[in-house]
There are 2 protein chains.
Amino acid sequence: MGDDMILAVEQAVTSSDKTFFQLRKDIVEGTILPGSKLSETELSTKYSVSRAVVREAINRLESCHLVERKANVGARVVSLTPEGLVELYQVRESLEGMAARLAATNMSDEEIADLRELLSTHFNTVKSGETYYQEAGDVDFHYRIILGSKNSHLIAMLYNGLYHLIRMYRVQLGMAGPRVTTAFDEHKHIVDAIANRDPELAEMLMRRHIQYTCRNLKPKLS
Amino acid sequence: MGDDMILAVEQAVTSSDKTFFQLRKDIVEGTILPGSKLSETELSTKYSVSRAVVREAINRLESCHLVERKANVGARVVSLTPEGLVELYQVRESLEGMAARLAATNMSDEEIADLRELLSTHFNTVKSGETYYQEAGDVDFHYRIILGSKNSHLIAMLYNGLYHLIRMYRVQLGMAGPRVTTAFDEHKHIVDAIANRDPELAEMLMRRHIQYTCRNLKPKLS
DNA sequence: AAAGCTTAAATTGTCGACAAAATAGCGAAT
DNA sequence: ATTCGCTATTTTGTCGACAATTTAAGCTTT
């Protein structure tokens with residue numbers, strides 16, 4: 001079970017899809033470095049596809065904010081900056097706060113029970129010292145709450161839009177920090193608020209949680 | 001001076017840009033009806049461009065959430081539903097609330113003064129009965145605060161992503177409601193909070209303002 | 001030696017044609 | 001008459017080639 005379980009729902013039907021997924025993976029995981037140029041001809045020979053599908057893939061990457069393109073010039077992988085990280089987490093705080101708020105109303109009792117179970121599983125694996133579950137568990141937790149909001153725009157913006165960029169920052173900063181146990185407590189309080197059907201509190205706790213995460217990541221980049 | 005002054009910064013350099021802008025305008029303003037199919041060949045003959053540029057334009061429209069595309073099937077203009085409107089305004093409340101919060105910190109004194117001036121101009125034109133400034137004035141107000149956040153992600157998501165869809169709903173619902181004066185008061189309070197450098201209050205007032213707007217729009221669609 | 005212009009190479013933008021998939025239409029069987 | 005299956009048509013996906021723009025190189029000039 002890898003850390004890309006959240007991608008399971010995406011299935012590549014067309015050749016352009018495959019190229020898009022591959023390119024996104026290479027960018028997010030650092031195989032293609034931030035700031036590097038994406039040559040259409042070069043990539044088309046590398047992946048053995050036409051330039052048209054590479055173009056389409058690059059366009060989609062631009063929509064994810066993973067590459068920047070200038071007309072008649074070309075596309076480059078985005079550069080990671082401390083300011084960019086802060087801006088990204090401000091948006092994330094806003095959207096995931098709203099997601100938690102909505103989840104407190106829209107998640108079913110069963111979904112909440114599943115979330116609790118995930119949390120306890122996560123807790124046991126972390127306690128037994130297997131830290132490599134850490135990021136996957138965290139992503140899964142947040143993802144379920146986003147889905148629990150039942151808001152398709154929210155889901156699309158976070159999942160198709162920002163999460164890959166966030167992960168790219170995480171990878172470049174050398175994975176997660178050491179604040180596993182505190183993050184676990186924060187997650188638990190958020191679930192409690194959702195289970196108590198308290199939208200205000202759920203939003204506030206989620207926003208604080210993300211603020212803490214940002215403060216934890218920020219010093220690593222500068 | 002039309003209601004598309006906010007688009008002034010966008011300039012079409014490539015043929016695909018023009019097609020994208022044209023298509024977006026036709027969809028947002030209702031020339032192409034919600035739910036209708038977008039045939040690539042048909043559009044390519046209609047706009048006298050190649051199918052490739054139409055494809056690229058449609059892909060961009062999909063990123064704006066204005067069309068939905070299924071592989072090997074085609075693209076359709078999104079359908080407008082009451083649930084979709086609510087979801088859209090939930091996201092908008094979240095993002096613009098954050099924009100107001102950030103604007104309270106990041107807007108310069110000069111920008112705030114300009115905003116105040118815009119508001120008084122708006123007030124005078126409304127008082128003199130020229131209601132056709134209404135929507136443009138409202139959009140301009142919100143747009144300046146979004147820019148004032150100085151957060152590029154926020155700006156991109158709202159401006160390139162959601163505002164056209166919001167406008168599409170507004171057009172389909174027969175333009176704005178009659179709550180001009182109350183909205184003006186709300187705008188004024190928001191500017192006051194920003195001028196007082198009070199992020200918490202600015203966010204809260206903006207969120208309430210958008211909630212009211214949504215409640216005002218909602219009964220028209222069902 | 002440095003700056004500016006001219007020309008050559010490389011890259012992106014656009015186009016028409018072919019391949020693959022899905023839809024529509026027709027006919028046969030129940 | 002309806003359903004199932006087959007064929008034909010339409011539509012999307014992919015490809016290679018050409019056009020337009022940008023970038024790089026070389027030359028001239030000061």
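These numbers were taken from a predicted model, which means no experiment stands behind them. Below, all heavy atoms of this structure are taken into account, side chains as well, without hydrogens, waters or symmetry copies. In the text below, chain A, chain B and the rest are named by the order of the sequence lines, each starting its count at 1.
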Between atom [atom1] in [X] and atom [atom2] in [N], what is the gap in whole Å?
X       : N      : atom1 : atom2 : result
B/Arg69 : D/dG13 : CZ    : C1'   : 10 Å
A/Arg51 : D/dG13 : CZ    : C1'   : 17 Å
B/Phe20 : C/dT14 : CZ    : P     : 14 Å
A/Lys70 : C/dG13 : NZ    : P     : 13 Å
A/Asp17 : C/dA21 : CG    : P     : 14 Å
A/Glu68 : C/dT12 : CD    : C1'   : 18 Å

Of the listed nucleotides [options], the one nearest the side chain of [X]:
X       : options                : value
B/Arg55 : C/dC15, C/dT12, D/dT14 : D/dT14
B/Ala52 : C/dC15, C/dT14, D/dG13 : C/dC15
B/Val73 : C/dT14, C/dT12, C/dT23 : C/dT23
B/Asn72 : C/dA21, C/dG13, D/dT11 : C/dA21

Before accepting this row, confirm whether a basic side-chain N of the pair [X]/[Y] lies closer than 4.0 Å to the acidic partner's carboxylate O.
X        : Y        : value
B/Glu203 : A/Arg207 : yes
A/Glu83  : B/Lys150 : no
B/Glu42  : B/Lys37  : no

Inset, instruction - Describe the nucleic acid contact of B/Ile58 in one word from base, sugar-phosphate, nothing, applying a heavy-atom distance below 4.0 Å. - result: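 It contacts nothing in the nucleic acid.
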
Legend entry - Ring geometry between B/His164 and B/Tyr159 (parallel below 30°, tilted from 30 to 60°, perpendicular above 60°):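 It falls in the tilted class, 30° to 60°.
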
Legend entry - Contact under 4.0 Å: B/Lys37 side-chain N or O vs D/dT10 OP1/OP2: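 No, no such contact exists.
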
